[in-house]
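Data block below; observations after.
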Amino acid sequence: MDVMDFFRMSAGQWNSQRTTHHLPFRRAELGGSTIAVEALDAGHPSVVEICNLHEVDPALAVGGALVTWQGAMAWDKEDENHEGSTVFALVPDADDPSRGQLLRERGYAEIVPVIGRYEIDGDEGLLLITEYETMSSVERFWFANPNLRLRTSVVKRFGGFSTASFCAESRLAAPAAEAEGERKQAPAPVSAFGW
């Protein structure tokens, strides 16, 4: 599997249930969101724009994705980022296409353009590592089955504050290309727990 295969598998709408552990406070917070993922081809104008933003040759990109989300957390605060969208481009390493740069319009932990690293691991999971000015994040995504994607993340803020999250994301709708093809109806929602 290459990185674009992973994002093509991720295309569609997802219901995400998240548990975030605020480690210094020894507290857990529950939340949920809906997420839409659209895989973008290498020549897509948004991929080219992100490459240009980071001064990377767009011809090196293999594609990217547009991700939008809307959600809520139990300890909602007005200044927290529970809805929005981001575009990113994927630029594989010349010597190993299973690893490369993830050029983001906005980061996961800080809302600024950022360049992270990606890697498809031996278990066909996607690992994303991003270093920011004041923190770092490590995310891992993998599929339990085509309609259930799992995600873990750890955010470490310099100075010791850390959070760890686990998300179970169940597919709500088939990707547009699939929906227009053989399957005329989107599949029913699939629960992570089988109900």
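Listed by chain and number, the residues in a ring-ring contact (aromatic ring centres under 6.0 Å, His included) with Phe143 are Phe6 (sequence neighbours excluded).
Taking the six-membered ring wherever Trp is involved, the centroid distance between the rings of Phe88 and Phe7 falls below 6.0 Å.
The shortest heavy-atom contact between Ile129 and Leu127 is CD1-CD2, 4.1 Å. The two atoms that bring Ile120 and Glu124 nearest to each other are CG2-CA, 4.2 Å, heavy atoms only. When all heavy atoms are compared, the tightest approach of Ala28 to His21 is CB-ND1, 3.8 Å.
In summary, the side chains of Thr68 and Ser85 do not present any donor paired with an acceptor at a separation below 3.5 Å, with no hydrogens or angles considered.
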Side-chain donor-acceptor distances from residues 41-59 under 3.5 Å, at least two apart:
| from | atom 1 | to | atom 2 | distance (Å) |
| --- | --- | --- | --- | --- |
| His44 | ND1 | Ser46 | N | 3.0 |
| Asn52 | ND2 | Val48 | O | 3.3 |
| His54 | NE2 | Arg104 | O | 3.0 |
| Asp57 | OD1 | Ala59 | N | 3.0 |

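To the nearest 0.5 angstrom, Ser137 atom OG is 4.0 Å from Tyr132 atom OH. Atom CD of Gln17 and atom OG of Ser170 lie 7.5 Å apart (nearest 0.5 Å).
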Should Arg157 and Ser162 be marked as a side-chain hydrogen bond (donor to acceptor under 3.5 Å, both in side chains) after you check the CA-CA gap, both sets of side-chain angles, and the distance that decides it? CA-CA 6 Å; Arg157 298 180 193 276; Ser162 297; over 6 Å; no
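For Arg149 and Trp142, the positive end is not near the middle of the six-membered ring at less than 6.0 Å and at most 45° from its axis.
Note on residues 87-98: pairs passing salt bridge (charged side-chain N to carboxylate O under 4.0 Å, His left out), not counting sequence neighbours, are Asp93-Arg117, Asp96-Arg99.
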